[in-house]
Structures are given as structure tokens and as C-alpha cells.
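Let me begin by handing over the structure; questions about it come next.
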Protein chains: 2
Amino acid sequence: MIEKKKNISMAVIKRLPKYHRYLQELINNDVDRISSKELSEKIGFTASQIRQDLNCFGDFGQQGYGYNVKDLYNEIGVILGLDKRYNTVIIGAGNIGQAIANYTKFDKVGFELTGIFDANPKMLGIKIRDVAIRDIDDLPKFLEENKIDIAIICVPRISAQRVCDEVLRGGIKAIWNFAPVDLDVPEDVTVENVHLSESLYTLVYQLNDK
Amino acid sequence: MIEKKKNISMAVIKRLPKYHRYLQELINNDVDRISSKELSEKIGFTASQIRQDLNCFGDFGQQGYGYNVKDLYNEIGVILGLDKRYNTVIIGAGNIGQAIANYTKFDKVGFELTGIFDANPKMLGIKIRDVAIRDIDDLPKFLEENKIDIAIICVPRISAQRVCDEVLRGGIKAIWNFAPVDLDVPEDVTVENVHLSESLYTLVYQLNDK
DNA sequence: TAGATTGTTAATCGATTAACAATC
DNA sequence: TAGATTGTTAATCGATTAACAATC
């Protein structure tokens, strides 16, 4: 059983998906075991950091041996919560919303797209991978009738906070936000931002800096 | 003139676009001046951190007064390099590639989409906002004939490193990478990753943690 | 057993916050 | 001038790295 040792820092949490991805790759390459040193060379973190990170969640390794790749992959999957399924709704069926809706990979790892909502009447009824676009006014009723875990906000900046308030009223506790604003939410709600402009601007800074 | 004081840490750089965004908003609201304390309350960083961050690049404030919003906005724009124009190419015209291509906002702030490339022959010639999709085999020639600043990689995981190597040969020094891999590049090249899965997984971890 | 490598403590490094003199 | 707020140094906090005893 995985026992969290204490409060895990955000720095550690942000590295977990990367471990997961590299371990997946090792499995694909039929690697059975790996030491923190070998993993360090691949992933680019220090061996020390890898051992520290993993020890936040349990003793997954074995002295003199290293880590069993498959076991560690599964453990990290459980830590991240990837062993469960999640119902999602996308709000805003513009460029980004459609791209996410069409991104079949998320389906495969347990994220089910349950609804897509848009304010534009012209979009209503159009299907994206078998999910018809609904009127955003139907969102409150939909959230009442369905157990939704994650709202994916892809609306323009100006309507993002309004949509956010709406999904909060619907009881949602996790928001994946693509709108270029910092959403105002209560403490028990998690927002993960994908701020594309900020990412691009950071790139440009570095481009000029070199 | 902006004089960089020393090596700026990545933590500071990643905050710059957020300053830029909040200052834009203040301009929209006709706010002329702001103190680090007021900005702190809006943006959620400490006033101390804001002053420290800005002082990496110069003395933009005035004791007893605070900062001139418009000036500071422009200064940060220059620091980020947003006063210049950049030519971009998108490689991979799938969901994400198309979404980025259609994202008109980047055009407006100086990022010109010069070419879109895809390996799928069915896509060739299709236009996205006046830019026709070209064959990926024509990329080397295109990079030779055009001065491209930024390559936006939106191809599947499996072909990302190959495409990356190709743009490196074409002399590109900045890559915005949407493929779920860590690209291998020489030291003088900057890669900024948008790893959507990692972002989603981090959200899920936090959802379960609360 | 001997060698390898973990788990974990201690040391170091860097980033954030606090404090305050400088100055508008 | 007095009040406000910066720029900047010093203190604190947290995260990373190093070291090594434990142990497989």
C-alpha cells in the first residue's frame, strides 16, 4: 500500500508524470530493472533526486538491485491516480476545445469525454467523436445529472471566470484551464493551467537570451 | 536601456509573462500607476518578490510612487522580446497543429505563421488561414529559403525527434514542442515543452489528494 | 560473502521573504 | 517636509545534492 510520507512539494508532483513516461518507455523496450543512476542518465534528474522523490511515497527499490520497472510504473500510476477513470466535460468548442476533444489518447488512459458545450448556436449538435456539442445553458442541468470529475475550460478569456463559477456550482473540484486567466476558486478546488502564451513568451525570452 | 543584472533564474523568467498579462489588464482598466503591494494583491506573488524580480532587469519603479503601468508593461515586453516579430512554422497539421494555426492571437502579437507541414498526402494544399499545408519533405528547402525563428512541433511522439533533427539542420534555435517527448538538442537551442498529459496528470494527482 | 544500490541524513545551494535605508 | 514605496541587503525557508550506513 502506498503511504504518503508527509506533504509532498509541488516540485516533486510535477516530476511524477515524467517518471511515468520514461518508465512506460522502458517497458516498451523490455527493460525489467533500472537503478536510480541509469534512470538519472536517461531522464536528466540526479540519481539522488530520483531516490528522494520516490521515497516520498514508499520504498519501491531494493538495495543492490534497483527498481523493478513494471512495478514502479504501476506504483507511480496509482500515486497519480491513473488507475481510476474520470468523466470530463469540455466547455468551449473552439480550436483548443476541439483539439482536446479529438485527442484520443486521453480516452485510452481513463479520461472519458462526457460532454462538450459551446455558446455558439451554430455549433450545437455537431458531433466530435460521437459527442454532440450542447448549449452552454444546459451545463448546470448536465452537471446535476452526471457525475463529472474534471471540467476543461477552453472558452475565451472574457467568459472563463463565468464558466468557472458555473462548474463550481455544479460541484466540480478539478479544472483544466486553457483560458489565459488565473481563475478564482475556493481552496478545495484544483486548477491546472495551460497558458500557451506564457509558454511561447518564455521560449522567446530564451531565444533572445542565447 | 534594459541592462540584465546577471544570470536570471528560470523561476523569474517564468513569472515575466504573468506580469505582462496583469499589466495589460491594468492598462485596459485605465490604471496609470501601481505599487508592488497593490500588484501583489492582484497577482498573488509577494510584494517583495515582485520588486526582486523587476530589479533583475532595471530600476523601473520610483520610491514613494510605485511603477508606471504603461512603462512597466512596455519594459517587460522588451525584456521578453515581444517588440520583435518572429516567423514560425508548424510541423504536424493534426488536432494540436491546426488549433495553434487557427489561434489568431499569436499573429497579433508578432508571431507570423509562415508555413505548415504534414506527412499525410491527403492534407497537402489544404489551407489554414491562407497558409497551405506543405509536404514535410519540402521542409529542408523551405527552411533554407526562409528565415524561420521558431518551429512548432505538433507531430506524433514517434516522429518528433526526427522532425526536431530536421529543423535543427535548418538552423532553427527555438522549438515549441507539443509532442510528449523530451527532445535532444544542442546547448544553443531552446526547447519549450507543452506536455498536455503531464499537465492533466498533475491535475488528477491534486484532485485525489484533496 | 562481496558488490551494488537503496533509503535517509546532513550539507549545500538557490529562491523567497523580511527588513530597512535610500529617495522620490 | 512627511509619507510612501522603492531598491537592496540580510535572514529564512525549501529544494537539491552529497555522503554513507543499511541491506539486498
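By convention in this document, chain letters (A, B, ...) are assigned in the order of the sequence lines, proteins followed by strands, and residues within each chain are numbered from 1.
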I would like to know whether B:Lys18 and A:Asp182 meet salt bridge (Lys or Arg N to Asp or Glu O under 4.0 Å); could you show each step before the answer?
CA-CA 9 Å; B:Lys18 200 163 164 181; A:Asp182 299 311; 3.7 Å; yes
To the nearest Å, give me how far apart CG (A:Asn68) and P (C:dT6) are.
13 Å
Between the protein and nucleotides 12-14 of chain C, which nitrogen or oxygen pairs come in under 3.5 angstrom?
none

Quick one: list whatever passes side chain to side chain contact (heavy atoms under 4.5 Å, CB included) with B:Asp188, sequence neighbours left out.
B:Lys173, B:Pro186
Figure out the CZ/C1' separation between A:Phe60 and C:dT5, and round it to whole Å.
17 Å
Which residues satisfy the ring pair (Phe, Tyr, Trp, His ring centres under 6.0 Å) test with B:Phe106, sequence neighbours excluded?
B:Tyr103, B:Trp176
Intermediate values then yes/no, salt bridge (Lys or Arg N to Asp or Glu O under 4.0 Å), B:Lys37 and B:Glu41
CA-CA 6 Å; B:Lys37 185 160 172 290; B:Glu41 281 152 18; 3.6 Å; yes
Give every pair of a protein N or O atom and an N or O atom of nucleotides 22-24 of chain C that lie under 3.5 Å apart, one pair per line with the distance.
residue	atom	partner	partner atom	Å
C:dC24	O3'	B:Gln62	OE1	3.3
C:dC24	O3'	B:Gln62	NE2	3.3
C:dC24	O2	B:Gln63	O	3.3

Which residues in residues 45-54 of chain A have at least one heavy atom lying under 4.0 Å from any atom of DNA chain C?
A:Arg51, A:Gln52
Interface with DNA chain C, restricted to residues 22-44 of chain A and to heavy atoms under 4.0 Å:
A:Ser35, A:Ser36
In whole Å, I'd like the distance from the CG atom of B:Asn55 to the C1' atom of C:dA15.
16 Å
Angle between ring planes, B:His20 versus A:Tyr201, binned at 30° and 60°: parallel, tilted or perpendicular?
perpendicular
Tell me if a side-chain donor or acceptor on B:Asp59 pairs with a main-chain N or O of B:Asn55 at a distance below 3.5 Å.
no
Residues that A:Val131 engages under side chain to side chain contact (heavy atoms under 4.5 Å, CB included), provided they are two or more places apart:
A:Leu113, A:Ile116
Sorted by chain and number, sequence neighbours left out, side chain to side chain contact (heavy atoms under 4.5 Å, CB included) with A:Asp107 holds for A:Arg129
Only one of B:Arg51, B:Gln52, B:Gln49 passes side chain to side chain donor-acceptor pair (under 3.5 Å) with B:Ser36, and that residue is B:Arg51
Report the nucleotide, chosen from C:dG7, D:dT6, D:dT8, that has the shortest atom-to-atom distance to any side-chain atom of A:Asp59.
C:dG7
Toss me the dot-bracket line for DNA chain D: Watson-Crick and G-U wobble, both under 3.5 Å, 5' to 3', using | for pairs to another strand and [ ] for crossers.
..||||||||||||||||||||||
Indicate every side-chain donor-acceptor pair of residues 155-163 of chain B with a distance under 3.5 Å to a residue at least two apart or in another chain.
residue	atom	partner	partner atom	Å
B:Ser159	OG	B:Pro156	O	3.4
B:Gln161	OE1	B:Asp184	N	2.9
B:Gln161	NE2	B:Asp165	OD1	2.8
B:Gln161	NE2	B:Asp184	O	3.2

CA sep, side-chain torsions, deciding dist, call: A:Ile43, A:Tyr19, side-chain contact (heavy atoms from CB on, under 4.5 Å)
CA-CA 8 Å; A:Ile43 208 168; A:Tyr19 290 123; 3.6 Å; yes
Spacing between A:Asn7 atom CG and D:dA15 atom P, to the nearest angstrom
11 Å
Check whether B:Tyr65 forms a cation-pi arrangement with B:Arg33 (NZ or CZ under 6.0 Å from the six-membered ring centre, at most 45° off the ring normal).
yes
Kindly state each residue pair satisfying salt bridge (charged side-chain N to carboxylate O under 4.0 Å, His left out) with at least one member in residues 189-206 of chain B, sequence neighbours excluded.
A:Arg21-B:Glu198, B:Lys14-B:Glu192
Partners of A:Tyr67 by ring pair (Phe, Tyr, Trp, His ring centres under 6.0 Å), sequence neighbours excluded?
none
Mind telling me whether B:Phe111 and B:Tyr86 have parallel, tilted or perpendicular rings, with 30° and 60° as the class edges?
parallel
